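What you are looking at is a predicted structure, and each value in this text was computed from that prediction instead of being measured.
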Amino acid sequence: MAWQKGNEKYNQLIKQLFHDTDWHKRADAARELGYMKDGRCVNLLCRTLRNEEEFMVQNRIIEALGRIGDSRATMRIIEVLEEEADKHLSDKFRIIFIIEALSNLNDKRALVYIAHFLNSPDEEVKLLAEKAFDQIEPDWRLIIERELKKKSIEEIFKIKF
């Protein structure tokens, strides 16, 4: 019977995320879905992230996707990171949310996008990028040392499909 209550809560949160007019409630729903760590909502959260206008709701969705830890969210979060970089007025806290989420997803495809922040002038962002690299690719320093003679950091960690 506990699974029924979990399903009810899940369905209520999904409905709230998609249909509530109050952005606070949508943000709370996204956060709660992240705490549930239910992989069923990854695609729904990614779709919502693409269409959501409210900045704080987007941040909560990114945070939730990182908590869930499903690598299906990697490319959508990377899209948000690229959009943020295109603005040239990047919000430090949004970048932090994104790097933490990508770190939790533990997907090597994210390394090429996080690599840019290894040279960040902001020490907190730089340390967070290093921490993300440590989590995703523990031997990254040795790889860079060995390969840097031939390629840039971005080229080293670019995943080919």
Just jot down the side-chain hydrogen bond (donor to acceptor under 3.5 Å, both in side chains) partners of [X], sequence neighbours excluded, or say none.
| X | value |
| --- | --- |
| D38 | R40 |
| Q16 | none |
| T74 | D107 |

Query raised in the report: Where do D28 and R60 land on the salt bridge (Lys or Arg N to Asp or Glu O under 4.0 Å) test, with the steps shown first?
Result: CA-CA 8 Å; D28 289 341; R60 294 299 166 252; over 6 Å; no

With [X], which residues qualify under side chain to side chain contact (heavy atoms under 4.5 Å, CB included), at least two apart?
| X | answer |
| --- | --- |
| A73 | V42, C46, L65, I77, L105 |
| N11 | none |
| Y35 | R31, E32, R67 |
| E82 | I78, Y113 |

Does [X] reach the side chain of [Y], with side-chain heavy atoms less than 4.5 Å apart?
| X | Y | value |
| --- | --- | --- |
| L13 | K9 | yes |
| R141 | F133 | no |
| I68 | L45 | yes |
| Q4 | N7 | no |

So, for [X] and [Y], which heavy atoms are closest and what is the spacing to 0.1 Å?
| X | Y | result |
| --- | --- | --- |
| A30 | A64 | O-CB, 3.1 Å |
| M36 | Y10 | CE-CB, 3.8 Å |
| V57 | W23 | CG2-O, 3.3 Å |

Report the residues that fulfil salt bridge (Lys or Arg N to Asp or Glu O under 4.0 Å) with [X], sequence neighbours left out, ordered by chain and then residue number.
| X | result |
| --- | --- |
| D122 | K92 |
| E137 | K108 |
| R47 | none |
| E79 | R50, R76 |

Report summary line: Paired with Q58, the side-chain hydrogen bond (donor to acceptor under 3.5 Å, both in side chains) test is passed by just one of R94, E52, R26, namely R94

Working to the nearest 0.5 Å, report the span between [atom1] of [X] and [atom2] of [Y].
| X | Y | atom1 | atom2 | answer |
| --- | --- | --- | --- | --- |
| L118 | L127 | CG | CG | 10.5 Å |
| I114 | L81 | CD1 | CG | 8.0 Å |
| I14 | T48 | CD1 | OG1 | 7.0 Å |
| R109 | I136 | CZ | CD1 | 11.0 Å |
| D70 | N43 | CG | CG | 8.0 Å |
| K126 | I99 | NZ | CD1 | 13.0 Å |

Query raised in the report: Does S103 offer a backbone N or O that forms a donor-acceptor pair with the side chain of Q135 under 3.5 Å?
Result: yes

**Report entry** Pairwise salt bridge (charged side-chain N to carboxylate O under 4.0 Å, His left out) hits with a residue in residues 12-22, at least two apart
**Finding:**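 Qualifying pairs, neighbours excluded: none.
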
Report task. May I ask whether I95 and F55 are part of the same hydrophobic cluster, defined by side-chain heavy atoms of I, L, V, M, F, W, Y residues being less than 4.5 angstrom apart, directly or through others? Result ->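 Not linked; separate clusters.
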
